[in-house]
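What follows is a single structure, written as structure tokens, with notes after it.
What you see is a predicted model; the values in this text were computed from it and never measured.
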Amino acid sequence: MMNTSRSNLLNGSNRKIPSVIYYFILFFLWIIFSFNTSNVDFLTYKAIYEVLPFLPSSENLGLEPGIALIMRLFSKTNLSFDIFFMAMGTISIILLNEIIKKYSINKTVSILLYFFFPFFLDITQFRNTLAYFIILLGLPFLIKRKILPYIVLVLFASFFHISALFYLLFLFCFVKNIRNLQWGLLIVSLAAIILRPIIIKLVSFLPMGYKYSIYLNGTSFIVVSMVYIMLVINYFVSIRVSQGNMELNDKFNFMNNNQMDFTELVPILNLIIICSIPLIALDIDFFRIVRNCFLLNYINLSNSIYKGKLMKSTVGYVLITFVILFVFSYFFLYMNQTDSVVLKILQNNSLFN
């Protein structure tokens, strides 16, 4: 009896330690995000924040109506921009926690990978961050095939960043013939890479097209081809990772229904994300659409390990996924923006200072 009690006590302690580490990291991320006082776009947003209350309600200075309304409300109550940004950071971290808790078995692994990439970019692009966190929280609508609530959620998210509208394409997950969808998306995306100079010229013929075409320099053929190849590899690999997760769950029964549904959904969403290639071919800034879904893959990876156990057939695929994610993080953050983004955020924090 004493041995059984001691064993239960040790097992309880072993479960609590990862949770303590996870919440410590989450708290650390909250401090970095909410108390940041300078980043690439900080001064721009601060200037907009201070001007908005004096402009007509129809003038949002290029911001989406949702975020503009919140800015006006904070500004009119004489709260500083630092307080506003702290609120945005706090909301973002709360949403992040809800997403990870809902779907991840190994929460610490998920949040550590997220911290490495794209956390620092999410701070500088907080509108986009709020939008895609809202989308990820709405995945149960896709899982339960609730089309109208999901559409409403996406439209709501677009009030914070217009790029959220792309994720209406996630409704493709309801297509019954996935194989036809797979080859259709792969071929169309490949054609977009080849035809991107023509597409950019066609944009100029659209209403107000010239206004937008001047911002579309077109992504280099090598870069967009690399992104396409990596996304295709990631899609096929994620199929095997998800299969391995389900096989591991069959042995140990450690996932709940939400987590099993999530595991089956991730590969399909990775396929649909390849639809972003035509946009990325027009402008590399659209890579944020891909980056926003890294958290899905982090959680899926974290669920491939249970109590130190991993399906042998899955090990290679898990490693390939890690390589893909780290390659993207290097080229889209650490290669050119370590000083201007990462170090600038870490060096400018009201608590640290």
Check for me, please, whether [X] and [Y] land in the same ILVMFWY cluster - side-chain distances under 4.5 Å, paths through other members count.
X	Y	value
Phe133	Val152	no
Val188	Val227	no
Val315	Leu301	yes
Phe252	Met260	yes
Phe33	Ile134	yes

Hydrophobic cluster partners of Leu73 (side-chain heavy atoms under 4.5 Å): Leu69

Taking the six-membered ring for Trp, are [X] and [Y] parallel (under 30°), tilted (30 to 60°) or perpendicular (over 60°)?
X	Y	value
Phe74	Phe84	perpendicular
Tyr49	Phe81	perpendicular
Tyr103	Phe262	parallel
Trp183	Phe236	tilted

Audit row: Phe116, Tyr298, ring-ring contact (aromatic ring centres under 6.0 Å, His included) steps and yes/no: CA-CA 11 Å; Phe116 181 74; Tyr298 292 154; 8.8 Å; no

Donor-acceptor side-chain pairing of Ser302 and Ser104 below 3.5 angstrom: yes

Residues Gln182 and Tyr235: side-chain donor-acceptor under 3.5 angstrom: yes

What is the minimum heavy-atom distance between [X] and [Y], and which atoms define it?
X	Y	value
Val241	Val318	CG2-N, 4.2 Å
Ser304	Leu310	O-CD1, 2.8 Å
Leu139	Leu269	CD2-CD1, 4.0 Å
Ala164	Val154	O-CG1, 3.3 Å
Tyr22	Lys101	OH-CG, 4.5 Å
Asn36	Asn349	N-ND2, 3.9 Å

Worked verdict on Leu142 versus Phe174 for side chain to side chain contact (heavy atoms under 4.5 Å, CB included): CA-CA 8 Å; Leu142 290 178; Phe174 298 139; 4.1 Å; yes

Approximate separation, where rounding is to 0.5 Å, of [X] [atom1] and [Y] [atom2]:
X	Y	atom1	atom2	answer
Glu50	Ser80	CD	OG	9.5 Å
Ser75	Phe54	OG	CZ	6.5 Å
Leu185	Leu231	CG	CG	12.0 Å
Thr314	Met246	OG1	CE	12.5 Å
Thr37	Leu43	OG1	CG	9.5 Å
Met230	Ser225	CE	OG	13.0 Å

Check: Phe328 ring centre within less than 6.0 Å of Phe117 ring centre: no

Are any of the side-chain heavy atoms of [X] and [Y] separated by less than 4.5 Å?
X	Y	value
Leu333	Pro118	no
Ile93	Asn97	no
Phe352	Gln347	no
Cys275	Phe166	yes
Val223	Phe331	no
Gln125	His161	no
Asn249	Gln259	no
Ser350	Met86	no

Mark yes when over 12 heavy atoms from residues, nucleotides or ligands other than [X] sit less than 6.0 Å from its [atom1]; otherwise mark no.
X	atom1	answer
Tyr330	OH	no
Phe156	CZ	no
Asn257	CG	no
Phe254	CZ	yes
Phe159	CZ	no

Asn60 and Arg72: CA distance, side-chain angles, deciding distance, side chain to side chain contact (heavy atoms under 4.5 Å, CB included) verdict: CA-CA 10 Å; Asn60 293 330; Arg72 279 192 166 92; 2.9 Å; yes

Verdict with reasoning, Ile273 to Asn234, per side chain to side chain contact (heavy atoms under 4.5 Å, CB included): CA-CA 10 Å; Ile273 282 298; Asn234 184 60; over 6 Å; no

Donor-acceptor pair, side chain of Asn39 and main chain of Asp41, under 3.5 angstrom: yes

Asn300, Asn270, Thr263 screened by side-chain hydrogen bond (donor to acceptor under 3.5 Å, both in side chains) with Ser242, the one that passes: Asn300

Reference residue Phe120; test ring-ring contact (aromatic ring centres under 6.0 Å, His included); the match among Phe332, Tyr114, Tyr334, Phe115: Phe115

From CA spacing to verdict: side chain to side chain contact (heavy atoms under 4.5 Å, CB included), Ile70, Phe160: CA-CA 10 Å; Ile70 295 173; Phe160 297 93; 3.6 Å; yes

Which residues share a side-chain hydrogen bond (donor to acceptor under 3.5 Å, both in side chains) with Ser313, sequence neighbours left out: Arg240

